[in-house]
Amino acid sequence: MTSPMTDPNRVLLFDTTLRDGEQSPGISLNAAEKLEIAHQLARLGVDIIEAGFPASSPGDFAAVRAIAQEVHGPVICGLARAHSSDIERAADAVRDSERPRIHTFLSTSDIHIVHQLQSTREDVKGQARAAVAHARELIADVEFSPMDATRSEVEFCAEVIAIAIEEGATTINIPDTVGYATPDEFGRFLTRLYELTPGLREVVLSVHCHDDLGLAVANSLAGVQAGARQVECAVNGIGERAGNASLEEVIMLLQTRRADLGYETGAVSTEIARTSRLVSRLTGYPVQPNKAIVGRNAFAHESGIHQDGVLKERSTYEIMDARTVGLEGNDIVLGKHSGRHALRQALQELGYAVDGAALNHAFSRFKEIADVKKQVTAMDLEALVTDELREEIPAYGIEWFDVEASSRRPPHATVAVRTPEGDVVEGSFTGDGPVDAVFRAVLTATGIDARLREYRVGAVTGGEDALGEVSVVVELGSPEDAIKADLPGVLAGQRVTGAGQAVDTDIIAASATAFVRALGNAVVRAQAAHDETVAATATP
Ligand code: KIV
Ligand code: ZN
């Protein structure tokens, strides 16, 4: 592996799954989940982890701080608007990292300056100067982004960049915020910035491309070819709207075409598949089957002609080996006779250090699964471990449920739900189907008014006895209903959603657990929205 400091062709990978990615609707990761993703990103070998936006909420601050304290290797970065309070909050959150960074941003396009900031170009220059100078007083590594750069006048963008470099910015990131640029245009924009800003050659140039026109990865490559040596991207391409450049696509593009393109990254590509599964599972965002690199069909050959070719010679229809992205080759298999020691060892091989009470708990869940499934594979264990991370305190939990399902009568369910306060409440309902009956019984038991927005069922592995994986998104009801149910966080005009996922050998049990987790997340978010509104309207 080459050193990013010495190799001019080394491209730094800046992962923003936990910041831009987390801005995708319906995603709400708890601190343990964010930490697990950050550890996996470190295993994958990314250079910089943008761990969150610390000023956005106390929860995000705590998660960024925990990642800064516990994840070693990559630079840990916190995002901040160009406000001194945001910058101080970001500095406090990342300070404990071995390699902390603040990333501050400010729009340079007239569309944003006039309509969103309701400000002037002169003011933007002053704010950018003050923000970078303030960040540099607190942390040595500072990244600056002129937001909506590609719709900015290039001369003005260059002026602002020059100010940021003068004040000590160490990385200049050029975002195609709305995913509007074409590769050719983007490359020319960067070349022009180099011409206009001599100091740009002294810092790292970075690119941050959104995928609104499906060009995020192509634009990122054009950026690298124009001189950028940092690419911002997210696992599975998640992020605002159509998402960011997909991390795995950028890695495999540079790796597969290395002989022609000549760039290097520090990625351990065999960790890609596992990273993708972890992020998909914890965010509840499924990966489309034909998604490049990590879709389940990315290495499948359906037509007879293709199968025939691959059987004769793999390279006839394959440009990458599935093993290089970690899609094959893990042969961990446990069964119902495997003991605690074997489980601990298998988890360790997968990178999870589980001991004490956590091991006991994991072992009893493993036994439940092993009783139903003949073989428990690495994929099952991964699903089990990530499922454990979802248990956040305080949370709702399913104590037990009964469902009567028949084709001759409407299904009826009774559930007992443990509330965050530790009480157990019961409810019954007759629904359209067994899962619907369970969901409605949970709402009756908890008194929460919510609507089901998304419901997805998948399988962790193939086979009849595969673990079921369920993902649910709920939206809390009207303000009046919320007030009745003592949920003051749902304010007029606000729609609060929550997502939850669960795995179980029984699909109804997985559905019920995913549903109460989604409700719990929605309630926490409603409460946070309420607290923020109260704080914003409080008179000093
Ligand atoms: O898309 C964007 O412009 C951003 C900035 C904060 C870099 O995410
Ligand atoms: Zn972005």
query = Is it true that the side chains of S145 and N173 contain a donor and an acceptor less than 3.5 Å apart?
reply = yes
ask   = Do side-chain atoms of N244 reach the backbone of C233 as a donor and acceptor pair under 3.5 angstrom?
value = no
ask   = Going by atom types alone, do Q40 and R43 pair a side-chain donor with an acceptor below 3.5 Å?
value = yes
task = Answer yes if the side chains of E167 and H134 hold a donor-acceptor pair under 3.5 Å, and no otherwise.
result = no
request  = Determine whether the side chains of T120 and E122 contain a donor N or O and an acceptor N or O closer than 3.5 Å.
outcome  = no
Residue pairs fulfilling salt bridge (Lys or Arg N to Asp or Glu O under 4.0 Å) with at least one residue in residues 54-63, sequence neighbours excluded = K34-D60
request  = Spell out, as yes or no, whether a donor-acceptor pair under 3.5 Å connects the side chain of T177 to the backbone of M147.
outcome  = no
Verdict with reasoning, L193 to V154, per side chain to side chain contact (heavy atoms under 4.5 Å, CB included) = CA-CA 7 Å; L193 286 180; V154 70; 3.8 Å; yes
key: Residue pair I161 / I174, side-chain heavy-atom distance below 4.5 Å   = yes
key: Any side-chain heavy-atom pair of R151 and H112 under 4.5 Å   = yes
Heavy-atom neighbours of R456 CZ exceed 12 at 6.0 Å = yes
message = Could you check whether S246 and K291, counting side-chain N and O atoms only, form a donor-acceptor pair closer than 3.5 Å?
response = yes
key: Nearest heavy-atom neighbours spanning I49 and A38   = CD1-O, 3.5 Å
ask   = Can V235 and E248 be said to form a side chain to side chain contact (heavy atoms under 4.5 Å, CB included), step by step?
value = CA-CA 7 Å; V235 178; E248 58 280 5; 4.3 Å; yes
Any V294 side-chain heavy atom under 4.5 Å of V325 side chain = no
request  = Check the pair E185, R188 against salt bridge (charged side-chain N to carboxylate O under 4.0 Å, His left out), reporting the backbone distance first and the verdict last.
outcome  = CA-CA 5 Å; E185 232 171 44; R188 276 188 279 117; 5.6 Å; no
Qualifying side-chain hydrogen bond (donor to acceptor under 3.5 Å, both in side chains) pairs with a residue from residues 74-85, counting only residues at least two apart or across chains = R81-D86
query = Where the side chain of N521 meets the backbone of A499, is there a donor-acceptor pair that is under 3.5 Å apart?
reply = yes
Pairs involving residues 177-214, ordered by first then second residue, that meet ring-ring contact (aromatic ring centres under 6.0 Å, His included) (sequence neighbours left out) = H208-H210
request  = Check whether NZ of the Lys or CZ of the Arg R19 lies under 6.0 Å from the centre of the six-membered ring of F14 and within 45 degrees of that ring's axis.
outcome  = no
ask   = Charged N to carboxylate O below 4.0 Å: is that the case for R89 and D92?
value = no
query = Would R281 and E469 pass as an ion pair if we require N to O under 4.0 Å?
reply = yes
key: Listed once per pair and sorted, the ring-ring contact (aromatic ring centres under 6.0 Å, His included) pairs that draw on residues 217-272, sequence neighbours left out   = none
query = Does one side chain, of D148 or S107, offer a donor that lies under 3.5 Å from an acceptor on the other?
reply = no
request  = List the steps, then state whether side chain to side chain contact (heavy atoms under 4.5 Å, CB included) holds for V516 with T446.
outcome  = CA-CA 10 Å; V516 292; T446 56; 5.9 Å; no
request  = Taking ring pair (Phe, Tyr, Trp, His ring centres under 6.0 Å) as the test, write out the residues that go with F515, two or more places apart.
outcome  = F439
query = With the threshold set at 4.0 Å, does a side-chain nitrogen-carboxylate oxygen contact exist between D387 and R517?
reply = yes
Flag side-chain contact, heavy atom, 4.5 Å: L106 against L117 = yes
message = If we count only N and O atoms by modelled type, under 3.5 Å, do the side chains of T182 and D184 hold a donor and an acceptor together?
response = no
key: Stepwise side chain to side chain contact (heavy atoms under 4.5 Å, CB included) test for R101 and V94   = CA-CA 7 Å; R101 176 181 293 186; V94 298; over 6 Å; no
request  = Have a look at E22 and tell me which of I27, T283, I238 forms a side-chain contact (heavy atoms from CB on, under 4.5 Å) with it.
outcome  = I27
inquiry  = Could you check whether any side-chain heavy atom of L247 comes within less than 4.5 Å of a side-chain heavy atom of L41, counting everything from C-beta outward?
reply    = yes
key: salt bridge (Lys or Arg N to Asp or Glu O under 4.0 Å) contacts touching residues 230-244 (sequence neighbours left out)   = D212-R241
